[in-house]
Amino acid sequence: MEENKQIFRCDGHAHIGTEKERQVRREQNIMTMYCGGNPAEWEELYKLESQDSSLIAAYGLHPWHSARCSVEEMEPWLKRAKIIGEIGMDSVWCQVPLNVQEKAFCAQLELAAKWKKPVVLHTKGQEEKISRLIAKYPNKYLVHWYSSLDYLEKYLDLDCYFTVGPDLEQNEAVQQVVSMVPANRLITETDGWLAVCWALGERPVEEMGELLDFVCGLTARMKGISQEEMSMLMPENMKRFMAGK
């Protein structure tokens, strides 16, 4: 893009990270949704949110931590949240029994639907099960970094939003998401800079904006529209999701 044109960037799923990472996000004009996944992160995220009214915060009990916190402990944080997430189930990277994960997940789905708060989903290895569970709780859902080649149509039937993982160029499942999901339901994401380095190899955090621009541009080419159009559409998609629309 030409230097005199405004650059629109968004990261639809990140974590608190370091102060340096947050500084880069501010300097590079990256609209970011920060997800807190356990009580310690909720406390830290709340402090950051109280210092910066523009910060976009999501609160939810991540499946990795679902054995550590009761519904009663979660409820005040979820009530405070504008967005609930990331929540879900994980049978790939998580040792918490699935029945424990499901109980915590469904409790949060119920509250989110009751309070009409949009939800960010973690679906690793449990894509089919989660598609069936969320169908019981009509709401707006953002599926983060979907990395399965199966069951995508079930989420499309529920009109879900999707983030585009930072490994779009290498990951066939992420490419399928971009190919099949309407452009007005796609949002770029990093999953935090640690996740970027895990997926793509070590690189300086100052490259965040460049990476998001690259993924946005590749998404645009796959959808047959200009990068400028896609770069303006994705922040609007993110705002629409946050509004539960």
Side-chain angles (χ1 to χ4, degrees), residues 1-37 41 44-60 80-86 117-122 140-146 160-166 168 174 177-178 181-196 205-220 223 225-245:
M1 291 184 217
E2 297 175 11
E3 289 186 5
N4 63 346
K5 288 185 179 180
Q6 184 176 359
I7 296 174
F8 298 89
R9 295 183 175 120
C10 63
D11 187 343
H13 182 87
H15 298 278
I16 296 169
T18 64
E19 173 54 36
K20 174 64 174 177
E21 182 177 337
R22 295 191 297 274
Q23 179 184 344
V24 167
R25 293 178 183 281
R26 292 190 294 269
E27 291 174 350
Q28 298 185 359
N29 193 30
I30 301 169
M31 182 172 67
T32 301
M33 186 190 304
Y34 295 93
C35 291
E41 291 180 355
E44 185 176 0
L45 191 54
Y46 181 66
K47 288 178 184 176
L48 292 170
E49 195 178 12
S50 65
Q51 296 163 8
D52 181 0
S53 61
S54 67
L55 187 143
I56 303 166
Y59 296 81
R80 174 183 290 157
K82 294 178 181 176
I83 305 154
I84 292 178
E86 73 191 272
K117 297 186 178 189
V119 172
V120 182
L121 293 173
H122 177 109
K140 280 299 173 188
Y141 293 99
L142 171 62
V143 185
H144 128 71
W145 202 341
Y146 195 80
C160 293
Y161 289 79
F162 287 80
T163 60
V164 180
L168 171 61
V174 179
V177 165
V178 171
V181 175
N184 67 353
R185 290 293 182 268
L186 293 172
I187 305 166
T188 44
E189 80 152 293
T190 64
D191 196 14
W193 202 248
L194 280 176
V196 168
V205 69
E206 289 82 3
E207 293 183 6
M208 188 184 303
E210 182 182 340
L211 174 64
L212 288 168
D213 290 346
F214 173 77
V215 173
C216 177
L218 183 53
T219 300
K223 301 305 286 183
I225 62 177
S226 71
Q227 180 165 350
E228 183 176 5
E229 184 179 354
M230 183 61 78
S231 72
M232 296 178 69
L233 181 60
M234 283 184 168
E236 291 305 313
N237 294 346
M238 188 165 162
K239 291 175 186 176
R240 199 182 323 107
F241 163 72
M242 293 188 298
K245 297 179 181 178

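Scope of the values below: all heavy atoms of this structure, side chains included, with no hydrogens, waters or symmetry mates.
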Measure the [atom1]-[atom2] distance between [X] and [Y] for me, rounded to the nearest 0.5 Å.
{"X": "T219", "Y": "I225", "atom1": "OG1", "atom2": "CD1", "result": "9.0 Å"}
{"X": "Q227", "Y": "F8", "atom1": "CD", "atom2": "CZ", "result": "13.0 Å"}
{"X": "I56", "Y": "Y34", "atom1": "CD1", "atom2": "OH", "result": "9.0 Å"}
{"X": "D11", "Y": "M238", "atom1": "CG", "atom2": "CE", "result": "7.0 Å"}

For the residue pair [X] and [Y], establish whether any side-chain heavy-atom pair is separated by less than 4.5 Å.
{"X": "V177", "Y": "L168", "value": "no"}
{"X": "E86", "Y": "W145", "value": "no"}
{"X": "L212", "Y": "Q28", "value": "no"}
{"X": "V196", "Y": "E207", "value": "no"}
{"X": "M33", "Y": "I187", "value": "no"}
{"X": "K82", "Y": "M242", "value": "no"}
{"X": "R240", "Y": "N184", "value": "yes"}
{"X": "E44", "Y": "E41", "value": "no"}

Determine the minimum heavy-atom distance between [X] and [Y], stating which atoms define it.
{"X": "C160", "Y": "V143", "answer": "CB-CG2, 4.0 Å"}
{"X": "L45", "Y": "A58", "answer": "CD2-O, 3.5 Å"}
{"X": "E21", "Y": "W193", "answer": "OE2-N, 3.2 Å"}
{"X": "A220", "Y": "S226", "answer": "CB-O, 3.6 Å"}
{"X": "C35", "Y": "G85", "answer": "CB-O, 3.9 Å"}
{"X": "P235", "Y": "C10", "answer": "N-SG, 3.9 Å"}

Task: Axial cation check for Y46 ring with R80, 6.0 Å and 45° limits - done: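 Because its charged atom sits under 6.0 Å from the ring centre and within 45° of the axis, R80 does stack over Y46.
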Task: Salt-bridge criterion met for E19 and R22 (N-O under 4.0 Å) - done: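 Between R22 and E19 there is a salt bridge, with a charged N closer than 4.0 Å to a carboxylate O.
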- [ ] Check step by step if side-chain contact (heavy atoms from CB on, under 4.5 Å) holds for R25 and T190.
- [x] CA-CA 11 Å; R25 293 178 183 281; T190 64; 3.2 Å; yes
Open item on the list: Which residue is it: N29, T32, D213? I am looking for the one with a side-chain hydrogen bond (donor to acceptor under 3.5 Å, both in side chains) to R9.
Closed with: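 Of N29, T32, D213, side-chain hydrogen bond (donor to acceptor under 3.5 Å, both in side chains) with R9 is met by D213 alone.
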Task: Main-chain N/O of A183 paired with N237 side-chain donor or acceptor, under 3.5 Å - done: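 Answer holds: yes.
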- [ ] Verify, without hydrogens or angle tests, whether T188 (side chain) and V164 (backbone) share a donor-acceptor contact under 3.5 angstrom.
- [x]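 No, the answer is negative, given that no donor and acceptor are paired below the 3.5 Å cut-off.
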Task: Derivation and outcome, salt bridge (charged side-chain N to carboxylate O under 4.0 Å, His left out), residues E27 and K20 - done: CA-CA 10 Å; E27 291 174 350; K20 174 64 174 177; 5.6 Å; no
Task: Pairs involving residues 185-196, ordered by first then second residue, that meet salt bridge (charged side-chain N to carboxylate O under 4.0 Å, His left out) (sequence neighbours left out) - done: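 For residues 185-196, and leaving out neighbouring residues, the salt bridge (charged side-chain N to carboxylate O under 4.0 Å, His left out) pairs sorted by first residue read D159-R185.
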Open item on the list: Tell me whether the rings of H144 and H13 are parallel (<30°), tilted (30 to 60°) or perpendicular (>60°).
Closed with: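 Correct class here is parallel.
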Task: More than 12 heavy atoms from other groups under 6.0 Å of CG on L194 - done: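 Counting neighbours around CG of L194, 12 or fewer heavy atoms of other residues, nucleotides or ligands fall under 6.0 Å, so no.
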Task: Single hit among Y146, F241, Y141 for ring pair (Phe, Tyr, Trp, His ring centres under 6.0 Å) with Y161 - done: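 So the option named by the test is F241.
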